[in-house]
Student: 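Structure incoming, see below.
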Number of protein chains: 2
Amino acid sequence: MMKTIDHKKAAMDILRAKALKVTPQRIALITEISNAGHISTDQIYKKMKNEFPSISAATIYKIIDIFLDKHILKEIRITAGKRRYELKKEPHAHYVCTICGQISDLYLSSEDLLRQIRSKGYSPAGCEIYFYGSCPNCCDK
Amino acid sequence: MMKTIDHKKAAMDILRAKALKVTPQRIALITEISNAGHISTDQIYKKMKNEFPSISAATIYKIIDIFLDKHILKEIRITAGKRRYELKKEPHAHYVCTICGQISDLYLSSEDLLRQIRSKGYSPAGCEIYFYGSCPNCCDK
DNA sequence: CTGACTGCAAACGTTTTGCACGGTA
DNA sequence: TACCGTGCAAAACGTTTGCAGTCAG
């Protein structure tokens, strides 16, 4: 119980910090993404349907757009078809298991890469790194 | 003129090497992607409309699917909305200029990254790296 | 000659838009 | 109360599919 309240409070804090209106739908969206990690729009829709049977997909897209603008969410592009989102946190790479489909966060140092690219005259503001392969779990089997 | 013939011949060689049927549409698609570098499906469609006014978008999607299967093309996911493709070549990173939109190929050594990720128990088969920022051209202005 | 490729049209899934209503600040 | 957020419906995209005619091998 306490946990649920904590999550709700955390979501409200995120919204207030960005001067956004606090609505149940927005709290729920943050909560779902926070729980699921890397979640696609239709997964979000299905999950939120449980709590808000009358919710519209349009609402979800609108909230996502606002959250992307305000840098609350980050879009991850592991597959061409489906967009996925995660709460913005420390920069990290993603490992996509091509067997079970699970996505893991990898905290790697990209200092070496940045050094290489700066020496070529580029000054990147952002970086996205995706790895593909079988994860330790799937390798064991 | 000689150049055009060379391009055409190169495209035919690619198709024959993969035991695919050689059609004018496929040759043109390879040529366009080869010329444009990183091109989106609708750009391909518009360009090919010039040469083949009656071409169907479905044909382009079908050819792209086959080429992806045969590893002639590589899909690049720099934006969520539009899919882009490039001819497959040496592994490399992409730099996307957030000002002019130009995409550059960067040949970097990712040995250091791979070492880090292997030490965590992962064995990636593939890797995609995207950088975002202003390119040297746009910085100068 | 035969199977594969193309073009067409329709279907499909996802995302966007406009409007009226309802809720937050 | 005033404005912003939501839900609904329709439209706009991008992509996929099935079919019939055509072409490359």
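Labels below follow one simple rule: chain letters A, B, ... track the order of the sequence lines, proteins then strands, and each chain is numbered from 1.
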Student: Do B/Gln116 and B/Ser119 have side-chain atoms, one donor and one acceptor, less than 3.5 Å apart?
Tutor: no
Student: Can you check the A/Arg16 CZ to D/dC4 C1' distance for me, whole Å?
Tutor: 17 Å
Student: Does a side-chain N or O from A/Arg83 land closer than 4.0 Å to OP1 or OP2 of C/dT14, or not?
Tutor: no
Student: D/dT6 phosphate, OP1 or OP2: any side-chain N/O from A/Lys62 under 4.0 angstrom?
Tutor: no
Student: Starting at CD1 of B/Ile66 and ending at P of D/dT17, how long is that distance when rounded to a whole Å?
Tutor: 13 Å
Student: Whole angstroms only, please: what is the CD1-P distance between B/Ile55 and C/dC8?
Tutor: 10 Å
Student: Salt bridge between A/Asp112 and A/Arg115, side-chain N to carboxylate O under 4.0 Å?
Tutor: yes
Student: Does the side chain of A/Gln25 get closer than 4.0 angstrom to OP1 or OP2 of D/dG7 through an N or O atom?
Tutor: yes
Student: What is the separation between atom CG on A/Asp65 and atom C1' on C/dT14, rounded to the nearest whole Å?
Tutor: 13 Å
Student: Inspect the contact between B/Asp6 and B/Lys9 and indicate whether a charged nitrogen and a carboxylate oxygen are less than 4.0 angstrom apart.
Tutor: no
Student: Salt bridge or not between B/Arg84 and B/Glu86? Use side-chain N to carboxylate O under 4.0 Å.
Tutor: no
Student: Is any side-chain N or O of A/Arg26 closer than 4.0 Å to OP1 or OP2 of C/dT24?
Tutor: no
Student: When you measure from the side-chain N and O atoms of A/Thr59 to the phosphate of D/dG5, is any distance below 4.0 Å, counting only OP1 and OP2?
Tutor: no
Student: Roughly, in whole Å, what's the span from CD1 in B/Ile64 to C1' in C/dT6?
Tutor: 15 Å
Student: For D/dT16 and B/Tyr61 - does any side-chain N or O of the residue sit under 4.0 Å from the phosphate oxygens OP1/OP2?
Tutor: no
Student: Return the value, rounded to whole Å, for the distance between atom NZ of B/Lys70 and atom P of C/dA4.
Tutor: 12 Å
Student: Just the rounded figure in Å: distance from C1' of D/dC4 to CG of A/Leu20.
Tutor: 11 Å
Student: I'd like to know if A/Glu128 pairs up with A/Lys74 as an ion pair, taking the criterion as any Lys NZ or Arg NE/NH1/NH2 lying under 4.0 Å from an Asp or Glu carboxylate oxygen.
Tutor: yes
Student: In whole Å, I'd like the distance from the CD1 atom of B/Ile63 to the P atom of D/dA24.
Tutor: 13 Å
Student: Taking the nucleotide of DNA chain C with the closest heavy atom to each, which residue, A/Ser56 or B/Lys21, is nearer the 5' end?
Tutor: B/Lys21
